Number of protein chains: 8
Amino acid sequence: MTSSYKRLDKDNAAVLMVDHQAGLLSLVRDIDPDRFKNNVLALADLAKYFKLPTILTTSFETGPNGPLVPELKALFPDAPYIARPGQINAWDNEDFVKAIKATGKKQLIIAGVVTEVCVAFPALSALAEGFDVFVVTDASGTFNELTRESAWHRMTAQGAQLMTWFGLACELHRDWRNDIEGLGTLFSNHIPDYRNLMTSYSTLANSK
Amino acid sequence: MTSSYKRLDKDNAAVLMVDHQAGLLSLVRDIDPDRFKNNVLALADLAKYFKLPTILTTSFETGPNGPLVPELKALFPDAPYIARPGQINAWDNEDFVKAIKATGKKQLIIAGVVTEVCVAFPALSALAEGFDVFVVTDASGTFNELTRESAWHRMTAQGAQLMTWFGLACELHRDWRNDIEGLGTLFSNHIPDYRNLMTSYSTLANSK
Amino acid sequence: MTSSYKRLDKDNAAVLMVDHQAGLLSLVRDIDPDRFKNNVLALADLAKYFKLPTILTTSFETGPNGPLVPELKALFPDAPYIARPGQINAWDNEDFVKAIKATGKKQLIIAGVVTEVCVAFPALSALAEGFDVFVVTDASGTFNELTRESAWHRMTAQGAQLMTWFGLACELHRDWRNDIEGLGTLFSNHIPDYRNLMTSYSTLANSK
Amino acid sequence: MTSSYKRLDKDNAAVLMVDHQAGLLSLVRDIDPDRFKNNVLALADLAKYFKLPTILTTSFETGPNGPLVPELKALFPDAPYIARPGQINAWDNEDFVKAIKATGKKQLIIAGVVTEVCVAFPALSALAEGFDVFVVTDASGTFNELTRESAWHRMTAQGAQLMTWFGLACELHRDWRNDIEGLGTLFSNHIPDYRNLMTSYSTLANSK
Amino acid sequence: MTSSYKRLDKDNAAVLMVDHQAGLLSLVRDIDPDRFKNNVLALADLAKYFKLPTILTTSFETGPNGPLVPELKALFPDAPYIARPGQINAWDNEDFVKAIKATGKKQLIIAGVVTEVCVAFPALSALAEGFDVFVVTDASGTFNELTRESAWHRMTAQGAQLMTWFGLACELHRDWRNDIEGLGTLFSNHIPDYRNLMTSYSTLANSK
Amino acid sequence: MTSSYKRLDKDNAAVLMVDHQAGLLSLVRDIDPDRFKNNVLALADLAKYFKLPTILTTSFETGPNGPLVPELKALFPDAPYIARPGQINAWDNEDFVKAIKATGKKQLIIAGVVTEVCVAFPALSALAEGFDVFVVTDASGTFNELTRESAWHRMTAQGAQLMTWFGLACELHRDWRNDIEGLGTLFSNHIPDYRNLMTSYSTLANSK
Amino acid sequence: MTSSYKRLDKDNAAVLMVDHQAGLLSLVRDIDPDRFKNNVLALADLAKYFKLPTILTTSFETGPNGPLVPELKALFPDAPYIARPGQINAWDNEDFVKAIKATGKKQLIIAGVVTEVCVAFPALSALAEGFDVFVVTDASGTFNELTRESAWHRMTAQGAQLMTWFGLACELHRDWRNDIEGLGTLFSNHIPDYRNLMTSYSTLANSK
Amino acid sequence: MTSSYKRLDKDNAAVLMVDHQAGLLSLVRDIDPDRFKNNVLALADLAKYFKLPTILTTSFETGPNGPLVPELKALFPDAPYIARPGQINAWDNEDFVKAIKATGKKQLIIAGVVTEVCVAFPALSALAEGFDVFVVTDASGTFNELTRESAWHRMTAQGAQLMTWFGLACELHRDWRNDIEGLGTLFSNHIPDYRNLMTSYSTLANSK
């Protein structure tokens, strides 16, 4: 096996947020709700921060699945927003695929609810069309750990890479010197332990 | 590695339910009994719903392994039913393989008790003969997590895909518009959280 | 300490089901949904089976908390049903307490969502008025284990007894000979392992 | 609160083994089966070793609950054996209570399946009649941890003491010098870690 | 035992927040950081919402323990703030006790880091002086679960009541009609599942 | 990927038991001691039952690692027994490899303590020489789950198959009719749940 | 219930370390070995630091139980050291009780292996004689959590207080100003998180 | 697939310790702090013991990430020490790569904090340049298990091998006879269970 490092490149990456809807979120039981809410918002904030083209999609949002969580709508007012009329695999929706192709990016960062369907199906479709796929494991949720692991097996077997929002941010940023304050703020807002480090540090540094 | 998405197709899939017998079920300790019972019945209901050819088989059902759980017998009164006289790997039983080949399907959905034997053995045999194999991880049970993970490694190394009944249903259905009520009923009957969403939704919608 | 066995007596017990509403159920994360749904229905079935006076109550059922789960409404069409206009502690609602006192029973079996509020508050109020209180721990749910344990400490410190539906059924029934089939059916419908034992037993017994 | 140490005394203790039946054992899911089997046999062996009067009882052993596990029958061929015709609380069976009182012992060591019923009910009855009760927590099993903890709360609130077979053995034996080999053999047969210590020790000691 | 319900009364309660300092928070490992941060801020928000007198205290904040987390300082700019010069048990600091007594309240709600020291010590001191003590278990953190359970045993043995911030809010509020929007906002901001219920509800209600 | 089922064949398999020594066993903390002891003896019993050539080896057995557990020595009095003078990877010991090659078998079943060293090293060596390797995951133990998972990754990446003793037994036996009683006895002695099924079955069957 | 705070007083406390022997430590499986070793040494260091009279005792140290761990022997060269000839409950050994009474202290801090025997038995004996007992829960180990919880129930029912070494240190020290460096060193040596806080703090403070 | 055993060779291996900084360590929550501290120091000790070229690097050590833990600095006073000015992936720092290439070694042993970034990024870069990479899983820490597993998937998919420090030590050492005392000391200092075995053994051996 020859190894190759498919490294995220902020000029070649787009973010797909699939079915983070108020009703569907009650199905997510493999991650604690406080943590999951934080992870999803962190992913959104980083997409914003790195100015990655972001595409929102929902499934049946006028039924029990419920509306997209309002924070996401508010963060991306101008993003392509595809309310799918019925397709379960978002990739089966032409508008969704068109929106992706319109970005011209080849690296797709995907998160969604639930992992084994709303994430895995478009991930597998994208991989089959030659895209690089990065699954945001901690901003994707599902029924339980058994389901999650099944989905991970299926996606990684086809070449999907598993990452978390923190890893994404670091790989996209490359070098702290590109913007210390920007990345620091992202971490401070979404990693309580890091926020505490920064509080202690700045308090002491400023007391000099 | 080139990626390919081996996608379930309801016109090319068959379901194999292997050794869900009343005695053997007491060996299943990697999934809570209430959840496991629900998963097995959900798989049966979806097989029925999608009209997938379904094959039942048991091992030594007149001994301590006990009879097939009556709900399965009742749901599939006309399905091929192979009470194996001794073969542990169901694929070693000619009638079982014949029944599968008679369906003309190339995608085999397999669930059973216990995972590492009743599921893994026929899965490996089917893969070696060129079938696509989809293991229903949450409708298959075994002694403990160590055993389950060992079995998963062995099967995925040969190309088996791990799915759960919910993922199967979604991939087979493709589009909600094919039958909203049918899929909704399946989910309502087997996913308490989804049932609650539907109850709240319809109560409020109807109160307008 | 002198010991006394406060034993459940089917002629002196009433059941209070507090706030098992479709919306609130999405808050329950200390018990798996399949298991929890089964436990709640098992409690309802046993209340019915033992003909215990049963009182239903809800909190704000026209808002996000959602309607009472329909199965409960259907099982107890004639039970007192108190849709509380605002009181969080059901005991603060006069109609609720009146309905309880009208039963003339001194042993109160309480279950609800969420444990630390909807169960604990009326339990503490009832204890302070001299009732015997039996908390149905497995038909009561809450956010997580830390919350549950806090609630248990608070209630047991005041004399509440913790039981599960299975223990209730056994203590109320006293002797299998009172009705073997009735109790057996209750267990078969709500304990998969017991159902399997009965299936294996009856199959073999009938094969003689 | 004045403290008193109710210490086990081998001349004043009796063992009650309640409903360790082949069918009921499949309900036990709060302890791993290998460990539970070992604990039950260890308790039986220690009852034998300390010559404690031992009473066996079963519930409906001709039905799905199944027969008493044969090892217990074989170990105590002459023990009182009460096959209860229907009473769920063994203490409701006159023969059972008579057999206990015939021993003249005031310290009752109780183990059984399932904890919240077969153990808790007679434990509470015995406490109410003034016996000292020692619950063997690791030779008693039940559906899950939630059920176990509920039962523990109920019993300890009335004064039951929770112990395991190892603690029982140590408290009954008092001093290794009473019989080093006997106690050592009991531990070697039922504690793999202790057996290994003894193997390493004796191998090295004998190599001198 | 006679039972009494020591019920929280918003006119008789004060909140003590002990040592929520940026450095000490890195010691908290019995609760996930995202959840813990949320719980602490929820407690602060509810203290504010119910206008409970609130007292802040820190231990050695100029050393490695670090400063009070800035959010708390910002929320309670006028609260008594006792930076203890060395006393580990805050109750050993006269200013702290004076500040408490100055509130005239007899119900003390205590949260802090770490549970077994910063919470348990003043809790035990307050109980010994006749105060009612309510420990906020989910806004108090410590090294691990073993430590937490030890601390809980010690405090409850002296009469402390264990609650979580959600239970506090409900018991203080008594009746939704006192202020539906206020309590709803508190829950929406700190319980993701509840926020989702409200989102789905209001979206659908508004679509009429 | 073309799939192939490397199926165990009792005429082509040998068992290697590596370093199951009394001292080293105290390092095993990823499996409960009662369960682990049972699994190791079950593997030994099945090796015996299927008459598989079995090779025992130890590392430094006269030092702190301690002697081979006596049960294994007793079960295989005539097996090649290689007390390695220092080689950590048993495959570095010529006598060990010679003993393996002398069996003429190409399928090696390996278990040992600890998994990442005593199992993984010879497994990797054997794979590199073209043997088929079956790791008995439940008769191999190590420090903790993190260590075990690391070792599994390393071995499966080179083609090792993970199985448990139960899976081995079933795959080697192929058909119950080859010897119902023999396999049944093996299961009854090492699977408490299966023993219970057999007890209930035979009691009822014999009562006819 | 009137509450009283039995507070540790360094002038009235003694430490009993019971059976921390090299062999017995292999039985401890309810705490990770790295953590347990650290906790035991932390307790020893604090006993030394606060100059608390300390008593060491062992059970059968020339047999499989093995010698006292050398670190303890080295730390307390002049402490009473009672190698018990056979008594399992150390309190049954006259020399042990004499040594305790010779200290003139009424507060006994007890740690040992295994919790339910070597700790619980002398704890219950000491409580019955009117001593205050503080069990060091994290420097006491046993077979598993079920055993630990059983032992905790038995001891707390008689008035034992559960603490950890960190709580002990804080309650004994009372005020950081008594010796900042001494307590800081104790924490730095035994709490990695605290050590890191101190490292970051002092590095930054010194860089001014 | 042809198998090859990429075996560690002490003459061809170098150790990279990445970002073990006092601040960043507070982010590590997938391993208990006592255990993690021990693992990191064990890795350092083994690097020293086997005289492997070792390279230290830090990220922003003058900010909140904090200084390198002093023990590492003290152990490797002459090692290349690259305080990176901003590169997140250490491999993006030319000095770091130069230092590695200067060793002339092709086997890179990598540990760091946090796993998915500080370990995974340079590991992937090194693999892409043809190095063999051995990730020390137990001396690398991160936020939680979900993050760790994602990182493991990504690295192993490119050929990284997962090992722990114990496995490394054994594979590097090859044969106890190369230096019994040296390896024994390493184990005794970092594996409490092994230390106990050695204590019991030598005490008994010396008593002859």
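Letters A, B, ... mirror the listed sequences (proteins, then strands); counts begin at 1. The structure presented is a predicted model; accordingly, all values stated were derived computationally and were not measured.
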Any side-chain heavy atom of F:T147 within less than 4.5 Å of one from H:F166?
no
Is it the side chain or the backbone of F:N93 that comes within 4.5 Å of chain H heavy atoms, both, or neither?
neither
How about H:F187 and F:L27: do any of their side-chain heavy atoms sit closer than 4.5 Å?
no
Going through the checks in order, is the side-chain hydrogen bond (donor to acceptor under 3.5 Å, both in side chains) test met by H:T137 and F:S150?
CA-CA 7 Å; H:T137 53; F:S150 300; 2.8 Å; yes
Quick test of your reading of the model: are F:E149 and H:R148 salt-bridged, counting only N-O distances below 4.0 Å?
no
Atom of H:M198, atom of F:P64 and distance for their closest heavy-atom approach:
CG-CG, 3.9 Å
Bottom line for H:F134: the part with an atom under 4.5 Å from chain F's heavy atoms is side chain
Please flag which part of F:R84 lies under 4.5 Å from any non-hydrogen atom of chain H: side chain, backbone, both or neither.
neither
Nearest heavy-atom approach of H:S3 to F:A128 is OG-N, 3.8 Å
Pairs of heavy atoms under 4.5 Å with chain H: top-ranked of F:L146, F:L127, F:N65, F:V117:
F:L146
Heavy-atom pair with the smallest gap, counting every atom of H:G167 and F:F121
O-CZ, 3.5 Å
Residue part contacting chain H, namely of F:T62, when any heavy atom lies under 4.5 Å
backbone
Any F:R154 side-chain heavy atom under 4.5 Å of H:L162 side chain
no
Please look at H:Y201 and chain F and tell me whether the side chain, the backbone, both or neither of the residue comes under 4.5 angstrom of a heavy atom of that chain.
side chain
Looking at F:I88, F:N89, F:D92, which hits side chain to side chain contact (heavy atoms under 4.5 Å, CB included) with H:R174?
F:D92
So SG of H:C170 and CD of F:E116: to nearest 0.5 Å the spacing works out to 7.5 Å
How long is the straight-line distance from CE of H:M163 back to NE2 of F:H153, given to the nearest 0.5 Å?
14.0 Å
Heavy-atom pair count under 4.5 Å with chain H, highest-scoring of F:N144, F:L124, F:T142
F:L124
Measure the shortest side-chain to side-chain distance between F:S26 and H:L197 over non-hydrogen atoms and say whether it is less than 4.5 angstrom.
yes
With only heavy atoms counted, which part of H:Q161 is less than 4.5 Å from chain F, the side chain, the backbone, both or neither?
side chain
Note, H:D138 side chain near F:F143 side chain (heavy atom, < 4.5 Å)
no
Per-residue contact mode, F:S59 against chain H (heavy atom under 4.5 angstrom)
side chain
Whatever's closer than 4.5 Å to a heavy atom in chain F on H:L183 counts as side chain
Side-chain heavy atoms of H:K6 within contact of F:Q158, under 4.5 Å
no
